[in-house]
J.: 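Here it is, the structure in full.
Small disclaimer: the values here were computed from a predicted structure and weren't measured. Computed over heavy atoms, backbone and side chain alike; hydrogens, waters and symmetry mates excluded.
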Amino acid sequence: MELLIVVLMSYLLGTSSMSYYLAKLNQVDIQNKGSKNLGASNAAVIFGWASAVIVAVHDIGKAVLAVLLARALFPALEHADAAAGVACVL
């Protein structure tokens, strides 16, 4: 049951997309421009390198946060951190 909580929590963290938020803020449909991807490289093409850095830091940060939360909340659960990392990037 604890592993299911870790996986669901991490998956929900992973659904956050900074490039989508930036696109909405700038009233641009990023999914129909450039490579049509929500990644940092497409954000760089559409919004510039500063936005790409923000998107990349957000993407890395949410995976790190998922792993750290799994370790903090379930220290006795073996491989909780690995499950959190995988679930976050799915």
J.: Roughly how far apart are Tyr21 OH and Leu38 CG, rounded to 0.5 Å?
T.: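 Here the rounded value is 10.5 Å.
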J.: Give every donor-acceptor pair under 3.5 Å between a side-chain atom in residues 69-90 and any protein atom, sequence neighbours left out.
T.:
from	atom 1	to	atom 2	distance (Å)
Arg71	NE	Asp81	OD2	3.1
Arg71	NH2	Asp81	OD2	3.2

J.: At what distance, to the nearest 0.5 angstrom, does CG of Leu22 lie from CG of Leu25?
T.: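 The CG atom of Leu22 sits 6.5 Å away from the CG atom of Leu25.
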J.: Do Leu3 and Ile5 belong to the same hydrophobic cluster, where Ile, Leu, Val, Met, Phe, Trp and Tyr are linked whenever their side-chain heavy atoms lie under 4.5 Å apart, directly or via other members?
T.: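 Yes; Ile5 is reachable from Leu3 via cluster members.
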J.: Please list, one pair per line, the donor and acceptor atoms closer than 3.5 Å that link side chains of residues 8-18 to other protein atoms, with sequence neighbours excluded.
T.:
from	atom 1	to	atom 2	distance (Å)
Ser10	OG	Val6	O	2.8
Thr15	OG1	Leu12	O	2.6
Ser16	OG	His58	NE2	3.0
Ser17	OG	Ser19	OG	3.3
Ser17	OG	Tyr20	N	3.4

J.: Sequence neighbours left out, cut at 3.5 Å: what donor-acceptor pairs do the side chains of residues 41-51 make with other protein atoms?
T.:
from	atom 1	to	atom 2	distance (Å)
Asn42	OD1	Ser35	N	3.0
Asn42	ND2	Ile30	O	3.4
Asn42	ND2	Lys33	O	3.2
Asn42	ND2	Asn37	O	2.8

